[in-house]
Trainee: 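So that we are looking at the same thing, I have put the structure below in structure tokens.
Computation of the quantities below employed the complete heavy-atom set of this structure, encompassing side-chain atoms and omitting hydrogens, waters and symmetry-equivalent molecules.
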Amino acid sequence: MAVNDTHSAREFLQALQNQEGVGVWDTAVLKHLTLVSVEPGRVVCSMPVTETVANPMKNLHGGCAATLVDTVTTVALMTLGDVGGISTTLSVNYMSPIMIGQELTVEARVMRSGRFLSTTQVDLKLPNGTVAATGLHVKFVYGQPGWQTAAEQTAGLDGPVWRLKAFSKL
């Protein structure tokens with residue numbers, strides 16, 4: 001079992017919300033996301049649905065919902081100490097429109113976190129508690145802190161941290 005790291009999860013979400021420049025399209029989606037509660041393997045956030053994140057029908061845009069699934073489940077994984085990963089599967093099931101002006105609740109939980117794959121699930125809820133969309137996110141994880149390949153051990157590299165830094169330079 002990984003180390004509980006709710007502080008890093010909070011810092012990760014704040015860094016995403018404060019990005020500027022090229023390649024930060026999701027900042028508009030995450031700017032108004034509020035972290036309501038964090039505990040090991042579970043994160044709850046809320047967000048008002050505004051015109052910025054709506055489609056022409058004045059509902060939460062499906063791409064925004066997918067971004068919330070991706071980001072909030074990643075934050076939930078980070079509460080368990082997972083360093084990061086690469087999405088292998090991300091799906092969203094849309095069941096009810098989420099209208100401009102509504103306060104959206106996003107509840108993410110880690111279903112399983114293994115050595116290489118982590119599975120998370122998320123519910124996007126309306127103010128009355130109705131689940132408007134659900135998401136499933138499977139990630140290839142870089143490994144738990146301290147986990148290394150033989151080559152990384154020989155080279156004296158910290159596996160997950162080294163890989164995260166290497167990928168961020170691409």
Trainee: Does R42 reach the side chain of V110, with side-chain heavy atoms less than 4.5 Å apart?
Mentor: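 Side-chain contact under 4.5 Å: no.
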Trainee: At their closest point, which heavy atom of P97 faces which heavy atom of L126, and how far apart are they?
Mentor: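 Result for this residue pair: O-CD2, 3.8 Å.
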Trainee: To the nearest 0.5 Å, tell me how far D70 CG sits from L90 CG.
Mentor: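 That separation rounds to 5.5 Å.
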Trainee: With respect to T71, which candidate in V43, L30, V29 satisfies the side-chain contact (heavy atoms from CB on, under 4.5 Å) definition?
Mentor: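 Filter result, single survivor: L30.
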Trainee: Do E107 and V44 pass the side-chain contact (heavy atoms from CB on, under 4.5 Å) test, and can you show the C-alpha distance, the side-chain angles, and the key distance before you say yes or no?
Mentor: CA-CA 4 Å; E107 296 182 13; V44 178; 3.9 Å; yes
Trainee: Using every non-hydrogen atom in the two residues, find where I98 and A132 come nearest and quote the distance to one decimal.
Mentor: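 Nearest pair, atom of I98 first, then A132: CG1-CB, 3.5 Å.
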Trainee: Treating Y94 as the side-chain partner and G62 as the backbone partner, does any N or O pair qualify as donor plus acceptor under 3.5 Å?
Mentor: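 Yes.
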Trainee: Can you tell me how far CE of M47 sits from NZ of K31, rounded to the nearest 0.5 angstrom?
Mentor: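 Reported value, rounded in 0.5 Å steps: 11.5 Å.
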Trainee: Quick one: does T134's side chain get under 4.5 Å of M95's, heavy atoms only?
Mentor: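 In contact.
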Trainee: If only atom types and distance count, is the side chain of T73 paired as donor or acceptor with the main-chain N or O of A108 below 3.5 Å?
Mentor: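 No, because the side chain of T73 does not come within donor-acceptor range (under 3.5 Å) of the backbone of A108.
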Trainee: Can you give me the closest heavy-atom contact between T120 and L136, atom names plus distance?
Mentor: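 Scanning both residues, the minimum pair turns out to be O-CD1, 3.3 Å.
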Trainee: Please report the interatomic distance CE(M111) to OG1(T119), rounded to the nearest 0.5 Å.
Mentor: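 Spacing of CE (M111) from OG1 (T119) equals 8.5 Å.
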Trainee: How many angstroms lie between CG in L68 and CG in L104, if you round to the nearest 0.5 Å?
Mentor: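 That separation rounds to 6.5 Å.
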Trainee: Please test T130 against K125 for side-chain hydrogen bond (donor to acceptor under 3.5 Å, both in side chains), starting from the C-alpha separation and ending with a verdict.
Mentor: CA-CA 5 Å; T130 300; K125 295 182 178 182; over 6 Å; no
Trainee: Could you check S87 against H137 for side-chain hydrogen bond (donor to acceptor under 3.5 Å, both in side chains), going step by step and ending with a plain yes or no?
Mentor: CA-CA 7 Å; S87 298; H137 191 193; 2.7 Å; yes
Trainee: Provide the closest heavy-atom pair for H32 versus P48 in the form atom of the first, atom of the second, distance.
Mentor: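 Residues H32 and P48, closest heavy atoms: O-CD, 3.7 Å.
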Trainee: Is any side-chain heavy atom of T89 less than 4.5 Å from a side-chain heavy atom of K139?
Mentor: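 No, too far: nothing below the 4.5 Å cut-off.
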Trainee: Shared ILVMFWY cluster between L35 and L33, side chains joined below 4.5 angstrom?
Mentor: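 Yes, L35 and L33 fall within the same hydrophobic cluster.
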Trainee: State, with a plain yes or no, whether a side-chain heavy atom of L124 is found less than 4.5 Å away from one of L60.
Mentor: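 Answer yes - side chains close enough.
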Trainee: Where is the tightest heavy-atom contact between L80 and P40, given as atom of each residue plus distance?
Mentor: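 Nearest pair, atom of L80 first, then P40: CD2-C, 3.9 Å.
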Trainee: Please round to the nearest 0.5 Å and tell me the distance separating atom CZ of F140 and atom CD1 of I86.
Mentor: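 Here the interatomic distance stands at 6.5 Å.
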Trainee: Do V141 and L117 have side chains that get closer than 4.5 Å, going by heavy atoms?
Mentor: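 No, side chains not in contact.
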Trainee: Taking all heavy atoms of L77 and all of S118, pick out the closest pair and write down the distance.
Mentor: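 Looking at all heavy atoms of both residues, the closest pair is CD2-CB, 3.3 Å.
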